[in-house]
Amino acid sequence: MPISTRTGPAGLVLSHLLQLHGIDSVVIENRSRQYVEERVRAGVLEQGTVDLLTEMGVGERMKREGLVHFGIELRFEGRGHRIDFQELTGGKGITIYAQHEVLKDLNNARIATGGQVFFEVENVAIHNFNDAQPKISYRKDGSDHELICDFIAGCDGFHGICRPSIPTGVLTEYEREYPFGWLGILADATPSSKELIYAYHDHGFALHSMRTLQIGRLYLQCDPDEDIDAWSDERIWQELQTRLGSEGWTLTEGPVLQKGITGMRSYVVEPMQYGRLFLAGDSAHIVPPTGAKGLNLAVADVQVLARALARYYATGSQSLLNEYSQTCLRRVWKVQRFSWWMTSMLHRFPDENPFDRRRQLAELDYVTSSRAAAKTLAENYVGLPMEWKTD
Ligand code: DHB
């Protein structure tokens, strides 16, 4: 019985996939169900993520309410340039559907099919994961519990307890912090464009995204330690108008429903496994948000893990489990590269010099004028194919 911890996308997708293979799991979450289902995160699903959720039987509402996009716009020097995903990738696109909506669908499906999902669990600790019988201890509703299991999936995010439970010296960390953050708003404002707009401007990066046909989601590059109180709604809209501005285009404003600042980092830990503990999603890697790869990468990890566990329970063979880290890391590093590249191309850096600015503009010019370069962006944005051994 594998145990996965936390009801983020990695843990819940894993638990659902395992159930489809007839394998039991328990999901342990320290937050409340309401918190998990309301916390605003990114909202771009790769084609492969959409296909997987659909195959898993949790895609019905996403199909109904999600917005399918077949391109994005890159905007610089006041002009927009469309990257046509459909044409460049042989028909692929992305779906705009908020992460917390995916989590609602997954929670409902897990709970409806008798899945064990425990919310508001405290004092979680993992033990013995380097031998045959790992154990998880936790406190729930005022009493202490222990779970004996075959495996532990550490899907508990960057600040979770799983990764730090691995003995010192086992893991190697690779990290880069960026000297900026994103100020994000959710706005009661009809999106001003059908597709997402990534803008590079003298004042810094801006992104026009959306959640629904009525609700906009917009971001501005800001200082990493910016005080959100220094940003009135009026100032936010003014800055969005400036950075996204383009002739003949108007940005529709509306009441700001929510605002917050996110830091940006690239982070990878290697290997993603220690004994019977498998790290997946943000517990093993963080990407900067440009390109919205975090959720999609987490889903890719657990697809690899579910398949390896299914093989183990069907045949007793550990071969796919032994390859888990290596298989995942190939994709992780390619997605890291893409997220870093998008971030580097589109943001102003405090230590940049005039050469860097010219180079960024040349990069944007190249990506929007060369079919080969546009295709590279498109195939990464819609999601690289899963690369695993077929046998
Ligand atoms: C969104 C977030 C992103 O990081 C991105 O690249 C595109 C869209 C979003 O929240 O809608």
Side-chain angles (χ1 to χ4, degrees), residues 42 44-49 69 71-77 80-85 88-89 92-94 173-182 195-201 204-209 219-221 224 243 262-270 282 284-298 300-301 328-353 355-387:
V44 177
L45 306 182
E46 291 177 359
Q47 184 82 54
T49 305
H69 288 187
I72 54 164
E73 184 180 320
L74 296 180
R75 199 171 271 192
F76 55 101
E77 297 189 308
H81 308 258
R82 183 165 189 261
I83 307 285
D84 184 337
F85 296 158
L88 292 163
T89 66
K92 292 188 187 144
I94 48 126
E173 291 177 303
Y174 300 87
E175 187 163 19
R176 167 181 290 240
E177 281 203 36
Y178 297 87
F180 38 75
W182 276 13
E195 293 178 341
L196 270 53
I197 304 168
Y198 288 80
Y200 174 80
H201 187 273
F205 171 73
L207 170 60
H208 171 278
S209 179
Y219 299 94
L220 286 170
Q221 174 183 353
R243 297 190 196 182
T262 333
M264 320 249 296
R265 74 168 82 214
S266 301
Y267 175 88
V268 181
V269 82
E270 292 188 9
D282 285 3
H285 41 71
I286 297 284
V287 287
T290 333
K293 289 292 172 207
L295 176 150
N296 295 291
L297 195 52
D301 287 348
C328 287
L329 284 166
R330 269 190 82 191
R331 184 184 187 85
V332 165
W333 276 112
K334 279 183 256 190
V335 174
Q336 287 287 354
R337 184 210 67 82
F338 176 69
S339 304
W340 161 84
W341 173 73
M342 286 281 281
T343 303
S344 308
M345 177 170 68
L346 288 161
H347 290 74
R348 295 287 317 261
F349 284 73
D351 60 350
E352 72 190 16
N353 64 31
F355 178 90
D356 298 320
R357 295 226 54 211
R358 285 281 187 275
R359 185 187 46 73
Q360 280 177 311
L361 285 166
E363 182 116 43
L364 284 159
D365 185 10
Y366 179 53
V367 166
T368 52
S369 59
S370 151
R371 184 178 158 80
K375 199 168 171 162
T376 299
L377 191 157
E379 75 166 349
N380 280 276
Y381 201 105
V382 301
L384 294 171
M386 290 297 290
E387 285 178 300

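If you're wondering where the values come from, they're calculated on a predicted model, not measured in any experiment.
Arg348 places no side-chain N or O within donor-acceptor distance of the main-chain N or O of Tyr200, the cut-off being under 3.5 Å. Judged by distance alone, the side chain of Asp356 and the main-chain N or O of Asn353 form a donor-acceptor pair under 3.5 Å. The backbone N or O of Ile286 sits nowhere less than 3.5 Å from a side-chain atom of Lys293 that would complete a donor-acceptor pair. Here the side chain of Glu363 pairs no donor or acceptor atom with the backbone of Arg358 at under 3.5 angstrom. The backbone N or O of Glu46 lies less than 3.5 Å from a partner atom in the side chain of Asn296, making a donor-acceptor pair. Of the possible polar contacts, one joining the Gln47 side chain to the Gly93 backbone as a donor-acceptor pair under 3.5 Å is found. Proximity of a side-chain donor or acceptor of Arg82 to a complementary backbone N or O of Glu195 within less than 3.5 Å is not detected.
Smallest separation of non-hydrogen atoms from Ile83 and Val367: CD1-O, 3.8 Å. Residues Trp340 and Pro288 approach most closely at N-CG, 4.3 Å, considering heavy atoms. Phe338 and Gly291 get closest at one heavy-atom pair: CE2-CA, 4.5 Å. Of all the heavy atoms in Met264 and Gly181, the pair that sits closest is CG-CA, 3.8 Å. Of all the heavy atoms in Leu45 and Thr49, the pair that sits closest is CD2-CG2, 4.3 Å.
Ring planes of Trp182 and Phe205: parallel class, angle under 30° (limits at 30 and 60°). The aromatic rings of Phe180 and His347 lie parallel to each other, with less than 30° between the two planes, well short of the 60° mark.
Between Arg75 and His208, every side-chain heavy-atom pair lies at or beyond the 4.5 Å cut-off. The side-chain heavy atoms of Met386 and Arg331, taken from C-beta on, include a pair separated by under 4.5 Å.
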Validation: residues 370-377 side-chain donor-acceptor distances under 3.5 Å, sequence neighbours left out:
from	atom 1	to	atom 2	distance (Å)
Ser370	OG	Ala372	N	3.2
Ser370	OG	Ala373	N	3.0
Arg371	NH1	Glu87	OE1	3.1
Arg371	NH1	Glu87	OE2	2.7
Thr376	OG1	Ala372	O	3.1

* Chi angles and distances behind the salt bridge (charged side-chain N to carboxylate O under 4.0 Å, His left out) call for Glu173, Arg265 -> CA-CA 13 Å; Glu173 291 177 303; Arg265 74 168 82 214; over 6 Å; no

* Please report the C-alpha distance between Glu270 and Val332 in whole Å, then the side-chain angles of each, then the deciding distance to 0.1 Å, and finally whether the side chain to side chain contact (heavy atoms under 4.5 Å, CB included) criterion is met. => CA-CA 11 Å; Glu270 292 188 9; Val332 165; over 6 Å; no

* Steps toward side chain to side chain contact (heavy atoms under 4.5 Å, CB included) verdict (Val287, Thr343) -> CA-CA 10 Å; Val287 287; Thr343 303; over 6 Å; no

* **salt bridge (charged side-chain N to carboxylate O under 4.0 Å, His left out) between Glu379 and Lys92, intermediate numbers included** => CA-CA 9 Å; Glu379 75 166 349; Lys92 292 188 187 144; over 6 Å; no

* Asked: Should Tyr178 and Ser344 be marked as a side-chain hydrogen bond (donor to acceptor under 3.5 Å, both in side chains) after you check the CA-CA gap, both sets of side-chain angles, and the distance that decides it?
  -> CA-CA 9 Å; Tyr178 297 87; Ser344 308; 5.6 Å; no

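In Trp341, the CH2 atom is crowded: over 12 heavy atoms of neighbouring residues, nucleotides or ligands sit closer than 6.0 Å.
To the nearest 0.5 Å, the span separating CD1 on Ile72 from CG on Asp84 amounts to 11.0 Å. Taking CZ from Phe76 and CG from Leu364, the interatomic distance works out to 5.0 Å, rounded to the nearest 0.5 Å. The CG atom of Leu196 sits 5.0 Å away from atom OH of Tyr381, with the distance rounded to the nearest 0.5 Å. Here the CD atom belonging to Glu73 is positioned 4.5 Å from the CD1 atom belonging to Ile197, to the nearest 0.5 angstrom. Taking CD from Gln336 and NE2 from His285, the interatomic distance works out to 8.0 Å, rounded to the nearest 0.5 Å. Expressed to the nearest 0.5 Å, how far CG of Leu207 lies from CD of Gln221 amounts to 12.0 Å.
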